[in-house]
Amino acid sequence: MTERVAIIGAGFAGLCMAIRLARAGVTSFTVYEKADDLGGVWRDNTYPGAGCDVPSHLYSYSFAPREDWSRAFPLQPELLRYLHECADDHGIRPRIRFGTEITAATYDETAHRWELRTADGQVRHARVLVTAVGQLNRPKYPDHPGLADFTGTAFHSARWNHGHDLTGETVGVIGTGPSAVQFIPRIAPHVRTLRVFQRSANWVMPKWDYRYGPVHQALFTTATGRLAFRGGWFAFADTVLYSAIRGGRLGKAVEYLCRRQLRTQVADPGLRAKLTPDFPLGCKRVLISDDYLPALARDNVEVITERITRFTSRGVLTADGTEHALDTLIHGTGFTATEFLAPIAVTGRGGRLLREEAWADGAAAFLGMTVPGFPNLFLLYGPNTNLGNNSVVLMIEAQVRHVLSCLSAMERDGRSESEVSPGAFEAYRRHVEAALGGTVWQAGCTSWYKTGTGKITNNWPHRAARYRKLTRHPAALRSTSPRRPRQS
Ligand code: NAP
């Protein structure tokens, strides 16, 4: 049996695609999910304090607003509950094949369909393949030697060991990114000693989080109130924050807020110096937190900036020759974000491999979604569609709308294939590359936005509004018409 659409992944993007397909009356589709639950990153990241630093009214589907968000910035349990509710409200759960990992996808040029192989050896077929596997789904571990030598407890922040009690322990944390910034304040009061291994100091701006009270709740019962909040946050993120992370003048104001917070929350000048970034604001994701810096200033917390040289059976060895003994080591070291779609083996026309051949120099896709030589393949949250200043759910919704337009066009024209032309792909790739040139992301910092060779494969170079316009624009849609129209 050949289904019309196969979706890989039941996170924010995969569920959005499924819901919108169902609402468009498409019944022939399946969502393949390797885990036993839906939710993507909001299922995987359950570390203490896990939450979103994008406001709930913006970090949610436009077609599924909530009037009962509990606070400005939602915590992980509330987001996971939201996704479950959305799946149930739209009858998507029965369409999800849980515990089914797709390991390979091969395009059959004769039958004009994708052949999908699952980890347990099953074979499935679909005309159109939509990948929704995210950019931050595979934990990255530190690359220093001796990782396996450590005999204490060790785990990654995205695989939190809830069965292990940290109370009274000496705990090491590697990494000071958005994840670590959220869990460090939660664990610091409970451990005996916390050793934070910091490779780079980050810009930390205030979050000003708050619970919604009765006035907000009353406001959110009206569509106008909800829209005003969503629109207000969108406008703020796409103007003020966009300017700030792109080196614009408003960046100075955000920088001032960060410096003032550091000054008021950290009294020790030595620690303040350690926590002062040496790269421009926006080069990597600005951290948003009210309680991270005070946690680092605690008496039982030590910030270690010496370079890590290796792991030992007892802990971490740094370049100054000190062995830092630890009971537990937590890797807050992020994800293999530039390895799009890994480890799925994707093969297109003529046996061409997506990651190994088409993307040998780094991932790229037209509008972040389509690649020549890979017909009927759409990537959600693909290359160069990440935002550092706004809600990625906006990008996902724009992509889903684009996929639906392509499906409608195929049906309307009686075509069995949809493929971006090499010319459109190349022109778009050059545009993105030029727009990324000279951005603050290239300003001498490490980040998951770029590959080992420095190519920025993850970020969208313009405002979110521009992407949404581009994906809606008929010219963009026309350029995804097939190279050689064929009849079904
Ligand atoms: P991350 O931003 O990639 O940060 C990883 C941290 O580990 C960095 O501080 C990095 O140092 C450090 N690191 C990595 N390898 C290391 C090594 N070998 N030795 C020493 N330090 C090492 O990862 P993350 O904190 O998990 O966040 C990833 C992304 O998830 C975020 O950027 C964000 O998009 C998303 N996220 C979002 C939220 C939210 O509230 N919306 C919350 C959590 C995560 P360098 O800085 O020197 O590279």
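First listed ligand is number 1; within each ligand, the first listed atom is number 1. The basis for the numbers below is simple: all heavy atoms, side chains too, and nothing from hydrogens, waters or symmetry mates.
- Among all non-hydrogen protein atoms, the one lying nearest atom 28 (C) of ligand 1 is Trp448 NE1, 3.8 Å.
- With no hydrogens or angles considered, a side-chain donor-acceptor pair links Asn386 and Tyr381 at under 3.5 Å.
- For atom 5 (C) of ligand 1, the candidate residues are Gly332, Ala158, Ala201, Pro178; the nearest heavy-atom contact is made by Gly332.
- A side-chain donor-acceptor contact under 3.5 Å links Asp290 to the backbone of Trp208.
- Geometric assessment of Lys284 against the ring of Tyr449 yields a negative cation-pi assignment under the 6.0 Å and 45° thresholds.
- Near Ser200, with a cut-off below 4.0 Å to any heavy atom, the atoms of ligand 1 are 45 (P), 46 (O), 47 (O).
- Side-chain contact check for Thr193 and Glu302: no donor-acceptor pair (N or O, by modelled atom type) lies under 3.5 Å.
- Less than 4.0 angstrom separates some heavy atom of Gly51 from each of these atoms of ligand 1: 39 (C), 40 (O), 42 (C).
- Of the candidates Pro139, Gly49, Ser179, the one placing a heavy atom closest to atom 26 (O) of ligand 1 is Ser179.
- Neither the backbone nor the side chain of Phe197 comes within 4.0 Å of ligand 1, counting heavy atoms alone.
- If you number the atoms of ligand 1 from 1 as listed, the ones under 4.0 Å from a heavy atom of Gly177 come out as 4 (O), 6 (C), 9 (O), 25 (O).
- With 3.5 Å as the limit, one finds a donor-acceptor pair spanning the side chains of Arg93 and His84.
- Under 4.0 angstrom from ligand 1, the non-hydrogen atoms of Asp53 come from both its backbone and its side chain.
- Aromatic ring centres of His162 and Phe155 lie farther apart than the 6.0 Å criterion allows.
- Residues Gln76 and Tyr47 have side chains that never bring a donor and an acceptor to within less than 3.5 angstrom of each other.
- Close approach of ligand 1 to Thr446 (heavy-atom distance below 4.0 Å) involves ligand atoms 45 (P), 46 (O), 47 (O), 48 (O).
- Numbered from 1 in the order shown, with element, the atoms of ligand 1 that lie under 4.0 Å from a heavy atom of Arg285 read 31 (C), 32 (O), 33 (C), 34 (O), 41 (N).
- Salt bridge Asp149/Arg310: present, at least one basic N to carboxylate O contact under 4.0 Å.
- For Tyr47, every heavy-atom contact with ligand 1 shorter than 4.0 Å involves the side chain, none the backbone.
- For atom 10 (C) of ligand 1, the closest non-hydrogen atom of the protein is Arg199 NH2, 4.0 Å.
- Residue-ligand proximity: Lys284 is placed with a non-hydrogen atom under 4.0 Å from ligand 1.
- Inspection of the Asp165 and His190 side chains reveals no N or O donor paired with an N or O acceptor under 3.5 Å.
- His144 and Thr309 are not linked by any side-chain donor-acceptor pair at a separation below 3.5 angstrom, with hydrogens and angles left out of the test.
- Residue contacts with ligand 1, taken as heavy atom pairs separated by less than 4.0 Å, involve Gln182 solely via side-chain atoms from C-beta onward.
- Near Leu136, meaning under 4.0 Å from any of its heavy atoms, are these atoms of ligand 1: 29 (C), 30 (O), 34 (O), 35 (C).
- Side-chain contact, Asn458 with Gln135: a donor N or O sits under 3.5 Å from an acceptor N or O.
- For ligand 1 and Asp143, the ligand atoms under 4.0 Å from any heavy atom of the residue are 18 (N).
- Residue nearest to atom 12 (C) of ligand 1, selected from Gly175, Pro142, Cys52, Ser447: Gly175 (by heavy-atom distance).
- Applying the 4.0 Å criterion to heavy atoms of Thr176 picks out, from ligand 1, the atoms 6 (C), 8 (C), 9 (O).
- At the top of the distance list for atom 20 (C) of ligand 1, counting protein heavy atoms only, stands Ile174 CG2, 3.6 Å.
- When only modelled atom types and interatomic distance are considered, Thr338 and Lys450 share no side-chain donor-acceptor pair under 3.5 Å.
- Between His144 and ligand 1, at least one N/O pair is under 3.5 Å apart.
- Protein heavy atom closest to atom 23 (O) of ligand 1, with residue, atom name and distance, is Gly334 CA, 3.1 Å.
- Between the side chains of Thr176 and Gln198, no donor-acceptor pair of N or O atoms lies under 3.5 Å.
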